[in-house]
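All values below come from the heavy atoms of this structure, side chains included, with hydrogens, waters and symmetry mates left out.
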Amino acid sequence: MSLQSRANADGAQSSGVLVVLCTYNEMTNLPRAIEVLERMAPECDVLVVDDNSPDGTGKWAANAALASKRIHVLGRSGKLGLGSALRDAIRWCLERDYQYLVNLDADLSHDPAKVPEFLKIAREQNIDVVIGSRYIEGGGTEGLSFFRKLLSRGLNRYAARMLQLPVRDCSGSYRCYRVSKLRELQLDELTCDGYGFLEEILVTLHRLGATLRETPITYHERHGGESKLSWSDATGAMAVIRKLRQR
């Protein structure tokens with residue numbers, strides 16, 4: 001399928017797609033993730049949202065942006081949370097002429113090579129939110145402990161039931177959003193700064209009438225560095241789910 005191109009502010013042609021990578025200490029993984037994106041989805045722009053990584057991730061991304069018109073960097077003052085980073089990325093995207101926003105983890109737990117597949121589903125099936133799912137047929141996880149698998153599956157079942165979402169994977173961040181649907185959001189009303197933002201934006205879009213479609217992915221334990229997830233993230237997500245249920 002041919003990609004619809006547009007001209008961005010500096011004249012480079014793109015597909016109207018912005019790929020977002022939120023980073024904190026991902027120097028081990030970010031160069032590889034961008035290399036795969038440049039090879040498998042060369043028409044897409046990439047926005048790195050870096051929370052002032054001590055390991056130099058932001059500096060590396062800034063140098064990469066100097067060498068490529070398709071790479072952009074949004075630097076932030078410190079580690080402010082995934083939800084906060086994604087809100088800033090969405091605001092950045094909405095100020096520009098993009099048609100789709102694809103978000104995935106920068107630690108290679110999500111395969112960047114699947115971005116074209118997400119876009120194909122969104123375009124050909126007219127879907128507002130394509131969700132990479134570990135919990136439908138063909139999906140799965142690799143390298144995680146039994147406890148983490150159990151915790152993740154249980155949290156997703158809880159979220160889907162409490163929020164009446166027609167999906168099985170509510171907490172995964174590998175997603176493709178139609179930008180015109182994101183413009184219907186009141187971003188200031190999305191207040192979760194942590195991982196609970198993933199449920200918050202999904203249920204808000206669903207209540208706005210967004211069409212949702214899951215596609216199977218295999219989630220891999222991160223290739224390098226330390227996991228950002230903690231018990232507080234899990235309990236925080238459950239608190240967000242309860243608040244969303246009460247709205």
So that I can tick it off, tell me whether Lys120 and Glu117 are bridged by a salt bridge, with the cut-off set at under 4.0 angstrom between side-chain N and carboxylate O.
no
What residues, two or more places apart in sequence or in another chain, satisfy side chain to side chain contact (heavy atoms under 4.5 Å, CB included) together with Ser180?
Arg178
Is the shortest heavy-atom distance from the side chain of Thr204 to the side chain of Glu189 under 4.5 Å?
no
pair Thr215-Phe118: side-chain heavy atoms closer than 4.5 Å
yes
Within the supplied structure, the quantity of interest is the number of heavy atoms (other residues, nucleotides, ligands) at a distance under 6.0 Å from Arg183 CZ; does it exceed 12?
yes
Tell me whether Asp51 contacts the main-chain N or O of Leu80 through its side chain, where contact means a donor paired with an acceptor under 3.5 Å.
yes
Can you check whether Tyr219 and Tyr174 have ring centres sitting under 6.0 Å from each other?
no
Between the main-chain N or O of Leu47 and the side-chain N or O of His72, is there a donor-acceptor pair closer than 3.5 Å?
no
May I ask whether Leu202 and Tyr135 are part of the same hydrophobic cluster, defined by side-chain heavy atoms of I, L, V, M, F, W, Y residues being less than 4.5 angstrom apart, directly or through others?
no
Please enumerate all residues that pass side chain to side chain contact (heavy atoms under 4.5 Å, CB included) together with Asp111, with sequence neighbours excluded.
Ala113, Lys114
Is it true that a side-chain atom of Lys181 and a backbone atom of Leu208 form a donor plus acceptor pair closer than 3.5 Å?
yes
Donor-acceptor contact present, side-chain Asp45 to main-chain Leu18, <3.5 Å
no
Quick one, Asp50 with Thr57, criterion side-chain hydrogen bond (donor to acceptor under 3.5 Å, both in side chains). Give me CA distance, side-chain angles, the key distance, then yes/no.
CA-CA 7 Å; Asp50 184 69; Thr57 302; 4.7 Å; no
Derivation and outcome, side-chain hydrogen bond (donor to acceptor under 3.5 Å, both in side chains), residues Asn52 and Ser77:
CA-CA 6 Å; Asn52 197 23; Ser77 61; over 6 Å; no
Side-chain contact, heavy-atom cut-off 4.5 Å: Arg134 with Ser171?
yes
Would a distance-only check, ignoring hydrogens and angles, find a side-chain to backbone donor-acceptor pair under 3.5 Å from Ser68 to Arg70?
yes
Check: Asp55 side chain, Met27 main-chain N or O, donor-acceptor pair, under 3.5 Å:
yes
For Lys149, does the NZ atom sit with more than 12 other heavy atoms under 6.0 Å from it, leaving out its own atoms?
yes
According to a 4.5 Å side-chain heavy-atom criterion applied to Ile, Leu, Val, Met, Phe, Trp and Tyr, with indirect links allowed, do Ile217 and Val36 form part of one hydrophobic cluster?
no
Verify the cluster assignment for Met40 and Ile121: are they in a single hydrophobic cluster under the rule of side-chain heavy atoms below 4.5 Å apart?
no
Do Leu104 and Ile136 share a hydrophobic cluster (ILVMFWY, side-chain heavy atoms under 4.5 Å, transitive)?
no
Please output the side-chain donor-acceptor pairs of residues 85-93 that fall under 3.5 Å, not counting sequence neighbours, one pair per line with the distance.
from  : atom 1 : to     : atom 2 : distance (Å)
Arg87 : NH1    : Leu190 : O      : 3.1
Arg87 : NH1    : Cys192 : O      : 2.8
Arg87 : NH2    : Asp193 : OD1    : 2.4
Asp88 : OD1    : Arg91  : NH1    : 3.4
Asp88 : OD2    : Arg76  : NH1    : 2.8
Arg91 : NH2    : Asp188 : OD1    : 3.0

Got a donor-acceptor contact below 3.5 angstrom from the Glu214 side chain to the Arg168 backbone?
yes
Would you say that more than 12 heavy atoms from the other residues, nucleotides or ligands in this model lie under 6.0 Å from the CD of Gln125, or not?
yes
Find out whether Ser152 and Thr141 are in side-chain contact, i.e. whether some heavy atom of one side chain is under 4.5 Å from a heavy atom of the other.
no
Just wondering, do Thr191 and Glu200 contact through their side chains at under 4.5 Å, heavy atoms?
yes
Counting C-beta onward and ignoring hydrogens, is there a side-chain heavy-atom pair between Ile34 and Leu21 closer than 4.5 Å?
yes
Check the pair Asp128 / Leu205 against side-chain contact (heavy atoms from CB on, under 4.5 Å), numbers first and verdict last.
CA-CA 9 Å; Asp128 294 319; Leu205 288 169; over 6 Å; no
